[in-house]
Each structure stands twice: as C-alpha cells, then as structure tokens.
Amino acid sequence: MRAVEDKRTRILETAIELAERGGFEAVRLRDVAAQADVALGTVYKRFRSKEEILVAALDLESEKLDKRMALKPAKGDNEEERVLSFFETATGHLFRRPNLARAIIRAITSGDAELTAKVAGFHDRITRQIVTALRGEEGQPLAEAGPQATEQMLAFILSQIWFAALVGWMGGLHSKQSVIEQLRVSLRLLLKGVAAGE
C-alpha cells in the first residue's frame with residue numbers, strides 16, 4: 001500500500017513541477033510518467049487526464065493551506081480584517097507559483113463532470129476557512145448574522161467571488177492586488193447587508 005501511495009505522490013509532485021515550469025500545456029501524461037519514473041499505464045490507472053492530476057495537486061495545496069491556517073490563524077480585530085487576512089494568505093499561497101496556479105485554475109474550470117465532486121470539495125474547504133476567520137479565535141458565530149445559515153451563505157458567496165477573481169487573474173484581467181481589493185469591497189458590502197438584516 002505504501003508503494004502505491006509513494007507512486008501517487010511522485011506522480012503529483014512531478015505534475016506540479018512540470019506545471020510550474022511550463023503551465024497547463026506542460027503537464028502531458030507521457031512526460032509525467034517519464035519524469036516520475038513510472039509506467040504510463042500507472043499514471044492512467046490513477047488519473048484519467050491532466051485535469052484530474054491538477055485537481056489532485058490542488059487538493060495537496062489545499063491541505064498545505066489548511067495546515068498553515070491551523071498554525072497561524074487569520075489575524076484581525078473584527079470579521080472584515082480576519083477574512084481579508086485569510087484571503088491574503090490563500091491568494092499569496094496560490095500566487096507564489098503562478099504557472100502552477102494558472103494550470104490548476106484552468107483544470108478546475110474545464111467543466112469535466114467527473115471532477116465536480118473534487119472541485120466542490122475545494123470550495124467547501126475554502127468556505128470552512130472563511131467561516132473560521134469570521135468567527136475568530138473564540139469561535140463565536142458572526143454576531144449580526146443570527147442563524148448559522150447566514151454565516152455559511154456569506155462564506156459561500158465570498159468563496160465564489162474569490163474564485164471568479166482568480167479566473168480573471170488567470171486570464172490577465174486582474175493583478176494580485178486587484179483580487180484582494182475586489183474581496184475587500186465585496187466583504188464590506190456583504191457585512192453591511194448582514195448588519196442591516198437584508
């Protein structure tokens with residue numbers, strides 16, 4: 001079992017390295033197999049496509065982000081500051097390897113129905129992190145939100161705004177700073193709406 005897991009890790013690490021060097025187009029299954037020193041059939045047994053490998057790479061990156069946030073939770077005196085702190089960390093985590101980030105975003109926007117559950121898992125993880133940032137160290141629900149459903153919906157909407165901004169960044173429409181600024185404005189408006197009971 002350990003050998004199987006080692007091969008999977010080697011395949012993923014190789015795909016990540018290829019994506020960082022050359023982006024989405026560089027992640028060819030034949031090249032992944034050759035550089036990971038595994039048979040091409042072994043790669044196909046675990047991953048149907050480069051999109052599937054890159055979504056699995058996203059899962060690895062998400063685990064790293066979860067560990068980082070557990071060690072250094074989002075900082076701030078209020079909900080807005082903490083959520084922005086989380087997004088600055090998450091965006092910085094992605095952007096430190098821009099070619100890989102673009103390749104992953106392209107993979108998760110491929111529309112491959114068989115990857116839907118895995119992509120949804122990523123969005124759920126981000127939503128949980130946003131809820132954690134909203135609640136702060138005490139873990140108290142958003143005071144003005146009332147029902148937990150409001151808090152979850154706020155986190156879900158913010159995760160969707162972030163994802164849309166990342167797609168815009170991938171296409172060259174936005175800078176990293178613009179991604180964060182879009183979140184800042186959106187968060188402020190949403191929190192005002194929650195506070196007003198809208």
Run the numbers on Trp169 and Arg102 for side-chain contact (heavy atoms from CB on, under 4.5 Å), then give the verdict. CA-CA 8 Å; Trp169 167 79; Arg102 286 186 180 95; 3.6 Å; yes
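- Asn99 places a side-chain N or O within 3.5 Å of a backbone atom of Glu20 that can act as its donor or acceptor partner.
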Side chains of residues 30-41: which donor-acceptor partners sit under 3.5 Å, not counting sequence neighbours?
unit_1	atom_1	unit_2	atom_2	d
Asp31	OD2	Arg28	NE	2.9
Asp31	OD2	Arg28	NH2	3.2
Gln35	OE1	Arg21	NH2	3.2

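- Residues Ser49 and Asp112 approach most closely at OG-OD2, 4.4 Å, considering heavy atoms.
- A side chain to side chain contact (heavy atoms under 4.5 Å, CB included) with Glu51 is found for exactly one of Ile108, Leu115, Val27, namely Leu115.
- The CG atom of Leu187 lies 11.5 Å from the CD1 atom of Ile157; values are rounded to the nearest 0.5 Å.
- Atom CG of Asn78 has more than 12 heavy atoms from other residues, nucleotides or ligands within 6.0 Å.
- Contact check for Met69 versus Thr89: side-chain heavy atoms found under the 4.5 Å cut-off.
- Atom CG of Leu29 sits about 9.5 Å away from atom CZ of Phe47, to the nearest 0.5 Å.
- Residues Glu17 and Arg97 form no side-chain contact, since every pair of their non-hydrogen atoms from C-beta on lies 4.5 Å or further apart.
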Could you go step by step and tell me if Phe95 and Leu166 meet the side-chain contact (heavy atoms from CB on, under 4.5 Å) rule? CA-CA 10 Å; Phe95 286 10; Leu166 289 176; 3.6 Å; yes
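- The two residues Ser85 and Ala74 have their closest heavy-atom pair at OG-CA, 3.6 Å.
- When the options Leu54, Leu100, Val167, Leu58 are evaluated for a side chain to side chain contact (heavy atoms under 4.5 Å, CB included) with Ile105, the one that passes is Val167.
- Under the 4.5 Å side-chain heavy-atom criterion for ILVMFWY residues, a single connected hydrophobic cluster contains both Ile53 and Leu60.
- At a cut-off of 3.5 Å, with distance as the only test, no side-chain donor of Trp162 or Ser186 sits close to an acceptor on the other residue.
- Between the CD atom of Glu88 and the NZ atom of Lys176 there is a distance of 8.0 Å, given to the nearest 0.5 Å.
- Distance check, rounded to the nearest 0.5 Å: CD1 of Ile16 to CD1 of Ile11 gives 12.0 Å.
- Applying the side-chain hydrogen bond (donor to acceptor under 3.5 Å, both in side chains) test to pairs two or more places apart or on separate chains, those with a residue in residues 66-76 are Asp66-Arg125, Asp66-Gln129.
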N/O donor to acceptor pairs below 3.5 angstrom from side-chain atoms of residues 117-124, sequence neighbours left out:
unit_1	atom_1	unit_2	atom_2	d
Lys118	NZ	Glu52	OE2	3.4

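- Residues Ile130 and Ser159 are in side-chain contact: their nearest non-hydrogen atoms beyond the backbone lie under 4.5 Å apart.
- Distance check: Leu190 CG to Lys192 NZ gives 11.5 Å after rounding to the nearest 0.5 Å.
- Leu12 and Ala56 get closest at one heavy-atom pair: CD2-CB, 3.5 Å.
- Val185 and Leu154 are assigned to two separate hydrophobic clusters, defined by single-linkage of ILVMFWY side chains at heavy-atom distances under 4.5 Å.
- Counting non-hydrogen atoms of neighbouring residues, nucleotides and ligands closer than 6.0 angstrom, the CZ atom of Phe156 reaches no more than 12 such neighbours.
- The pair Glu181-Arg184 counts as a salt bridge, with a side-chain nitrogen and a carboxylate oxygen less than 4.0 angstrom apart.
- Between the side chain of Thr109 and the backbone N or O of Arg106, at least one donor-acceptor pair lies under 3.5 Å.
- In this structure, Leu94 and Leu65 have side chains that are not in contact, with every pair of non-hydrogen atoms separated by 4.5 Å or more.
- Scanning all heavy atoms of the two residues, the minimum distance from Ser110 to Ala107 falls at OG-O, 2.9 Å.
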